[in-house]
2 protein chains.
Amino acid sequence: MEPPAQPKRVTIVDVARHAQVSTTAVSKVLRNAYGTSPQMRARVRQAIDDLGYRPFAAARGMRGQTYTVGVMLPDIRNPFFPEILDGITDALWETDYQVLMAPGRNGEAAEAKVTEAMIDRGMDGMILVAPVSSRSHLERVAGMVPTVVVGRHGRSAAYDTVSDDDLAGAALVVDHLADLGHRRIAHIEHDETDPRRIEEMPNAIRADGYRRAMRARGLEDEISIVSTTYTQRGGYLGAQQLLTRSPRPTAIFAGADIVAMGVLQAVSEAGLEVPDDISIAGYDNTTFAALGPISLTSVDQAGRHIGTNAAQLLIDRIGDRVRPTAQIKFSPTLVTRRTTAPPPG
Amino acid sequence: MEPPAQPKRVTIVDVARHAQVSTTAVSKVLRNAYGTSPQMRARVRQAIDDLGYRPFAAARGMRGQTYTVGVMLPDIRNPFFPEILDGITDALWETDYQVLMAPGRNGEAAEAKVTEAMIDRGMDGMILVAPVSSRSHLERVAGMVPTVVVGRHGRSAAYDTVSDDDLAGAALVVDHLADLGHRRIAHIEHDETDPRRIEEMPNAIRADGYRRAMRARGLEDEISIVSTTYTQRGGYLGAQQLLTRSPRPTAIFAGADIVAMGVLQAVSEAGLEVPDDISIAGYDNTTFAALGPISLTSVDQAGRHIGTNAAQLLIDRIGDRVRPTAQIKFSPTLVTRRTTAPPPG
DNA sequence: AATCCTATGGGTAACGTTTCCCAAAACGTG
DNA sequence: CACGTTTTGGGAAACGTTACCCATAGGATT
């Protein structure tokens with residue numbers, strides 16, 4: 001079987017000829033620019049339909065606009081991120097902007113590759129979700145392209161931010177567990193050692209919120225943290241470590257639902273019952289947390305809402321690149337389900 | 001806080017001036033083209049490093065190449081698709097190609113929007129995962145841009161395909177359940193009514209495979225199908241329907257793991273025990289299926305492998321657009337876990 | 001009736017890169 | 001040493017779109 005040859009693209013010149021107007025006129029109609037009579041608009045629109053014309057983004061890109069916004073997601077497997085993405089695409093659906101995503105994958109180098117690639121491709125704007133890159137890199141990027149950073153705390157003069165109050169979220173979990181009577185509450189965090197990032201990354205702030213809340217409840221001696229990653233495997237390995245500690249924790253606060261999934265697996269393999277032997281709480285309130293057999297207590301941080309706000313900020317920023325940057329922060333809520341209960345004994 | 005002004009891009013002209021050569025020479029070095037001496041290459045490379053030059057994709061796009069491939073995924077929430085994506089990015093990591101994704105979302109119109117957008121952006125190639133668009137649309141797209149279609153069966157002269165033998169996969173499940181002694185085995189499918197698609201879509205073929213396998217085991221009178229969607233919610237609603245049927249099925253074969261998640265929830269809410277009261281099997285063997293508390297019997301269809309093969313086919317096709325199209329088909333295997341057991345009684 | 005607007009439309013030069021050519025120099029062969 | 005061949009390098013024209021200008025024609029204002 002042989003593929004057929006490809007047809008040639010219809011250009012603005014073809015449209016202009018067909019409508020008997022100049023290319024300038026067609027361009028103006030396309031962009032709803034000033035200087036077009038209703039009659040001309042109608043004729044040009046007709047010609048566009050007749051010929052099936054579509055603007056070629058590369059050519060537009062050379063003139064400065066591609067009508068494309070790039071979204072960088074850290075980990076497509078984490079079921080929380082689709083929520084944010086839904087919010088973004090919802091907000092951008094009615095606009096002329098097309099959303100394209102790239103996976104950030106592992107670490108700073110891969111992130112840089114993605115941000116560079118997006119800049120090279122002339123993105124009109126970028127939304128970076130929970131980036132791990134250095135602040136200076138982010139500001140350099142934001143200097144080239146309008147950028148909104150999602151998830152990271154801290155304000156910058158170069159980019160807008162949307163985040164959730166992770167400090168409060170962690171406290172919600174600790175307070176809930178402590179109210180149930182737990183004292184040995186352990187936490188599994190996504191490892192973060194870089195001191196410059198430690199104040200900004202949501203994972204680090206959740207860990208800090210855990211420590212503060214434990215102290216506030218007089219449980220400073222019970223603070224117990226394992227550092228792994230926000231992945232299912234990270235949760236699995238982290239829980240295995242925690243379960244061998246003596247005395248064993250009576251509750252585990254996983255920094256993300258996806259981590260809690262791994263914890264559940266390790267706990268079940270260890271022959272322990274949830275929540276009779278051990279309580280487990282997650283973070284993000286993903287759709288999996290609501291699943292019957294899992295029914296995970298989790299912190300809800302309206303991801304969709306975060307996404308729509310990020311998209312709106314980006315559009316505003318594209319419209320006015322020098323307006324002061326904004327910082328939007330949402331407050332999380334706790335959703336209690338069946339994986340948390342009073343400690344045994 | 002006010003954002004700073006943005007710097008101007010370094011172009012090939014700047015590099016040429018700095019290296020004291022022509023822009024043609026720089027272009028040749030960039031593309032490893034013929035007609036460059038080692039000395040010139042060295043000088044140009046040095047200049048590129050000095051100036052931090054990066055090629056501008058839009059300008060390249062105007063000449064026909066953007067070094068970008070587009071991937072369309074139907075549903076980012078389905079944990080099977082990240083596997084395919086990993087395979088694709090693995091295969092493309094060492095190449096000059098950058099991967100950009102777009103969510104296909106709901107239905108044909110949204111898919112067309114995505115494929116058009118990718119064509120407009122001058123993608124060098126596209127990988128469409130389980131597209132629902134009409135065959136003629138796919139062939140039109142493939143006529144404009146090298147395209148690989150993943151998941152759909154059926155051969156086309158316009159595009160290459162990579163798929164898994166869904167017919168065999170469905171049979172694996174039915175045979176497994178029948179061997180355990182089940183007779184009332186129900187199936188939840190992703191609804192497909194379009195006759196042109198019914199022969200190509202993996203979901204439809206799984207349903208067909210279910211019917212055939214039931215007949216082959218002499219269970220044609222027990223065939224029972226609910227049509228919903230391949231989503232968690234679809235599984236939930238589908239299972240609710242099945243559980244009210246009388247007599248109730250003793251086993252449910254969900255067309256995808258994500259569907260099985262919803263089934264588990266409905267079953268648990270109905271107060272039934274898995275697998276004592278009812279057996280459940282999924283499809284895709286996602287990481288969630290392996291989770292301790294879930295431990296779902298599922299059909300494994302090496303998603304990563306599918307992805308790398310699709311990417312390789314795409315690269316080959318970009319290299320030679322007239323070579324005959326290829327069709328790669330993989331064979332699935334069954335992974336039995338704790339959600340399937342002999343029927344009660 | 002002369003002047004000044006405003007609305008409408010078009011001509012044309014960019015934007016950054018590649019590709020098709022052609023020119024000059026270096027090399028190999030008899 | 002004269003000739004053909006290969007290697008090395010550059011000039012310049014695209015590619016499709018937008019933005020900055022300018023030209024014209026009516027209409028309104030004096």
Side-chain angles (χ1 to χ4, degrees), chain A residues 6-45 47-48 51-68 96 116 119-124 144-145 318, chain B residues 6-45 47-48 51-68 96 116 119-124 144:
Chain A
Q6 71 221 355
K8 230 183 63 199
R9 251 197 115 83
V10 176
T11 77
I12 210 173
V13 178
D14 301 320
V15 175
R17 188 169 347 141
H18 189 263
Q20 315 250 51
V21 296
S22 70
T23 59
T24 303
V26 178
S27 177
K28 281 179 182 168
V29 172
L30 281 171
R31 295 172 293 114
N32 298 316
Y34 178 84
T36 56
S37 64
Q39 299 95 305
M40 189 178 80
R41 276 199 290 278
R43 272 175 56 181
V44 170
R45 294 240 166 77
I48 288 175
L51 273 52
Y53 166 78
R54 297 197 48 109
F56 186 50
R60 290 180 141 183
M62 291 215 61
R63 303 292 308 172
Q65 269 208 282
T66 57
Y67 299 90
T68 313
D96 285 331
E116 292 302 319
I119 293 172
D120 295 344
R121 277 152 190 82
M123 299 286 174
D124 291 343
M144 317 243 355
V145 180
I318 291 173
Chain B
Q6 71 222 356
K8 231 181 66 195
R9 249 196 119 81
V10 176
T11 77
I12 210 173
V13 178
D14 301 320
V15 175
R17 188 167 349 141
H18 190 262
Q20 314 250 52
V21 295
S22 69
T23 59
T24 303
V26 179
S27 178
K28 283 178 182 168
V29 172
L30 282 171
R31 296 173 293 114
N32 299 314
Y34 178 83
T36 56
S37 64
Q39 300 94 306
M40 189 179 78
R41 276 199 290 278
R43 272 177 53 184
V44 171
R45 294 240 165 77
I48 288 175
L51 272 53
Y53 165 79
R54 299 198 44 112
F56 186 49
R60 289 181 141 184
M62 291 215 60
R63 303 293 307 173
Q65 270 209 284
T66 57
Y67 300 90
T68 314
D96 286 330
E116 292 303 320
I119 293 172
D120 295 343
R121 278 153 190 81
M123 299 285 173
D124 292 343
M144 318 245 351

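Below, read A as the first sequence line, B as the second, and so on, with proteins coming before strands; counting in each chain starts at 1. As the structure is a computational prediction, the values presented were derived from the model and not from experiment.
Rounded to a whole Å, the CZ atom of Arg31(B) is 11 Å from the C1' atom of dC20(C). The interatomic distance linking Arg9(B) (CZ) with dG16(C) (C1') rounds to 9 Å, in whole Å. When rounded to the nearest whole Å, the span between CE of Met62(A) and P of dT18(D) equals 13 Å. In this structure, CZ of Arg17(A) is placed 13 Å from C1' of dG16(D), rounded to the nearest angstrom. Rounded to whole angstrom, the span from the CG atom of Asp120(A) across to the C1' atom of dT17(C) amounts to 13 Å. In this structure, CZ of Arg54(A) is placed 12 Å from P of dT17(D), rounded to the nearest angstrom. Arg41(A) places its CZ atom 13 Å from the C1' atom of dG9(C), with the value rounded to the nearest Å. Rounded to whole angstrom, the span from the OH atom of Tyr53(A) across to the P atom of dT18(D) amounts to 6 Å.
With distances taken from any side-chain atom of Ile12(B) to the nucleotides dG9(D), dT17(C), dT18(D), the minimum falls on dT17(C). Side-chain atoms of Ala59(A) lie closest to dG16(D) of the nucleotides dG16(D), dG10(C), dG9(D). Listed nucleotides dG10(C), dT7(D), dG10(D) differ in distance to Tyr34(B); the shortest reach to its side chain belongs to dT7(D).
Between dG16(C) and Thr11(B), no contact under 4.0 Å exists linking OP1 or OP2 to a side-chain N or O. Contact between the side-chain N/O atoms of Ser27(A) and the OP1/OP2 oxygens of dT18(D) is found at a separation under 4.0 Å.
Annotation: side chain of Thr36(B) is not in contact with side chain of Val44(B) (no heavy-atom distance under 4.5 Å).
Judged by atom type and distance alone, Arg63(A) does not reach the base of dA19(D) through any side-chain donor-acceptor pair under 3.5 Å.
Of all heavy-atom pairs between Gly64(B) and Asp124(B), the closest is O-OD1, 4.0 Å. Contact between Thr23(A) and Ala16(A) at its shortest, heavy atoms only, is N-CB, 3.7 Å.
Residue Ser37(A) is classed as a sugar-phosphate contact, given heavy-atom separations below 4.0 Å to backbone atoms only. Counting any heavy atom pair closer than 4.0 Å across all strands shown, Val26(B) reaches no nucleic acid atom. Base contact: Thr24(B) has a heavy atom under 4.0 Å from a base atom.
A distance-only check finds no donor-acceptor pair linking the side chain of Arg54(A) to the backbone of Asp120(B) [under 3.5 Å].
Each of Lys28(B) and Phe56(A) has a nearest nucleotide on DNA chain D; the 5'-most of these lies closest to Lys28(B).
Side-chain contact annotation: Thr68(B) with Arg121(A), donor-acceptor N/O pair under 3.5 Å present.
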